[in-house]
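Heavy-atom basis, side chains included; hydrogens, waters and symmetry copies ignored.
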Amino acid sequence: RYFHLGGDEADLFRDHVYGTKEGRQLIKDLKLDGSSWNRGPRLQGYMFDQVSKKLRDMGKRVIAWDETHYGLEGYKPPDETLMMWWRDFMHNEVDWEKVKKLGERLILAPLGRMYLNLYQMEPHRDSRFRVEEGTVTLADTYGVAKLDYPGILGI
């Protein structure tokens with residue numbers, strides 16, 4: 001029923017590949033080069049739209065990371081695209097009031113409260129496995145429920 005397209009680290013690929021001779025030609029062929037905003041994000045948005053359409057035709061609901069909604073300068077994904085939010089709202093990246101208005105199009109998965117590739121205990125040296133720095137406690141994970149807002153699709 002759902003298909004997650006990612007999109008959070010596509011800029012690493014996009015900025016390299018779309019800047020190649022072939023990438024520049026594709027941008028020209030698709031007439032995406034007349035834009036006032038960055039051509040890399042424009043081509044990424046175009047590709048996202050094309051794949052989304054195919055998935056919708058197959059009866060799938062498309063999910064993408066928040067970068068697809070807020071990180072591609074000048075691009076707006078199709079309205080029915082669900083957003084999976086990974087940020088913690090700690091660094092004023094995007095205003096929570098603006099994000100929660102997405103309502104039923106929003107799934108929350110905040111990094112500092114839910115990602116299990118961070119330590120789950122302190123001191124970190126007592127952990128059995130090496131993971132990324134930071135700690136996600138059980139209390140942090142359960143505390144995400146406080147972010148619930150009427151109409152949000154899921155946490």
In Å, rounded to the nearest 0.5 Å, how long is the span from [atom1] of [X] to [atom2] of [Y]?
X: Arg1; Y: Lys60; atom1: CZ; atom2: NZ; value: 10.5 Å
X: Glu67; Y: Trp85; atom1: CD; atom2: CH2; value: 8.5 Å
X: Met83; Y: Leu108; atom1: CE; atom2: CG; value: 8.0 Å
X: Met84; Y: Leu153; atom1: CE; atom2: CG; value: 8.5 Å
X: Phe48; Y: Lys53; atom1: CZ; atom2: NZ; value: 14.5 Å
X: Tyr75; Y: Asp49; atom1: OH; atom2: CG; value: 3.5 Å

Check: [Y] and [X] side chains under 4.5 Å, non-hydrogen atoms:
X: Thr141; Y: Val136; value: yes
X: Phe3; Y: Met58; value: no
X: Leu5; Y: Trp65; value: no
X: Ile63; Y: Thr81; value: no
X: Pro110; Y: Trp86; value: no
X: Arg105; Y: His69; value: yes
X: Val62; Y: Val51; value: no
X: Leu106; Y: Leu82; value: no

**Request:** Determine whether more than 12 heavy atoms belonging to other residues, nucleotides or ligands lie under 6.0 Å from atom NZ of Lys76.
**Result:**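 Above 12, so yes.
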**Request:** Indicate yes or no: does Arg56 engage Glu80 in a salt bridge with an N to O separation below 4.0 Å.
**Result:**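 Judged by the 4.0 Å cut-off on N to carboxylate O distance, Arg56 and Glu80 do form a salt bridge.
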**Short side-chain donor-acceptor distance under 3.5 Å, Thr137 and Asp140** =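 Asp140 vs Thr137: donor-acceptor pair found between side chains.
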